[in-house]
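The structure appears right after this line, and notes come after that.
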Amino acid sequence: FSPFASIVNRPHPYFSDLTVDPNYRRKGIASQLVEEGERLAKEMNCQEMYLGVASTNTVALDLYSNMGYEIIVPTGDILEFVKRQEGVRMLRRTLN
């Protein structure tokens, strides 16, 4: 579960610092890792998945956008978490 679960009033599955070795990039590994995380989150009856991505990491932002994630403007309890991380964009996807 999320490292910001202690800050927010409810647990959220959250990916941060997902990295694939440069020798293995562009082979679908990041997508597979996220999909597995989503599968596990669904098993735990979570309805949303969150990602934190460096705002300068356009490759990752494009990947997650193509997977259905949307950049969100943090509010409420999530805002406190994001404030602690400089240069991070928060993304969210509703799990079906």
Side-chain angles (χ1 to χ4, degrees):
F1 273 102
S2 158
F4 67 102
S6 61
I7 297 170
V8 299
N9 296 323
R10 61 203 175 280
H12 289 285
Y14 175 75
F15 270 108
S16 179
D17 302 317
L18 176 64
T19 305
V20 175
D21 183 291
N23 294 321
Y24 297 95
R25 290 182 183 162
R26 313 300 267 168
K27 299 180 188 300
I29 295 170
S31 297
Q32 290 174 9
L33 290 170
V34 172
E35 288 168 359
E36 179 63 11
E38 292 173 349
R39 186 189 68 74
L40 293 170
K42 287 178 195 177
E43 281 184 9
M44 294 183 273
N45 297 316
C46 295
Q47 297 178 357
E48 297 176 319
M49 176 70 94
Y50 288 83
L51 299 165
V53 181
S55 58
T56 57
N57 190 344
T58 57
V59 172
L61 289 167
D62 288 344
L63 167 69
Y64 299 135
S65 175
N66 290 334
M67 293 182 76
Y69 284 83
E70 297 178 330
I71 294 173
I72 62 169
V73 176
T75 60
D77 47 10
I78 295 173
L79 180 60
E80 287 304 313
F81 172 72
V82 175
K83 280 183 184 177
R84 298 177 186 197
Q85 307 203 17
E86 292 185 32
V88 171
R89 290 256 172 106
M90 181 70 78
L91 292 87
R92 176 183 61 211
R93 178 172 182 246
T94 300
L95 302 175
N96 301 327

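- Contacts of N66 classified as side-chain contact (heavy atoms from CB on, under 4.5 Å), with partners at least two apart in sequence or in another chain: none.
- Few gaps surround CD on E35; more than 12 heavy atoms of other groups in view lie less than 6.0 Å from it.
- The shortest heavy-atom contact between Y50 and I72 is CE2-CD1, 3.7 Å.
- Residues meeting the side-chain contact (heavy atoms from CB on, under 4.5 Å) test with L63, sequence neighbours left out: A30, S31, M67.
- With sequence neighbours left out, the side chain to side chain donor-acceptor pair (under 3.5 Å) criterion links D62 to no other residue.
- In terms of the side-chain contact (heavy atoms from CB on, under 4.5 Å) criterion, residue partners of L95 (sequence neighbours excluded) are, by chain and number, E38, A41, K42, M49, R93.
- M44 and L51 fall into different hydrophobic clusters, defined by Ile, Leu, Val, Met, Phe, Trp and Tyr side-chain heavy atoms under 4.5 Å apart, directly or through other members.
- Checked against side chain to side chain donor-acceptor pair (under 3.5 Å), D21 has the following partners two or more places apart in sequence or in another chain: N23.
- In this view, R26 and V59 satisfy the side-chain contact (heavy atoms from CB on, under 4.5 Å) rule, not counting sequence neighbours.
- Note that OH of Y64 is 8.5 Å distant from CG of L91, once rounded to the nearest 0.5 Å.
- Between V53 and the choices L61, V88, I71, the side chain to side chain contact (heavy atoms under 4.5 Å, CB included) rule is met once, by L61.
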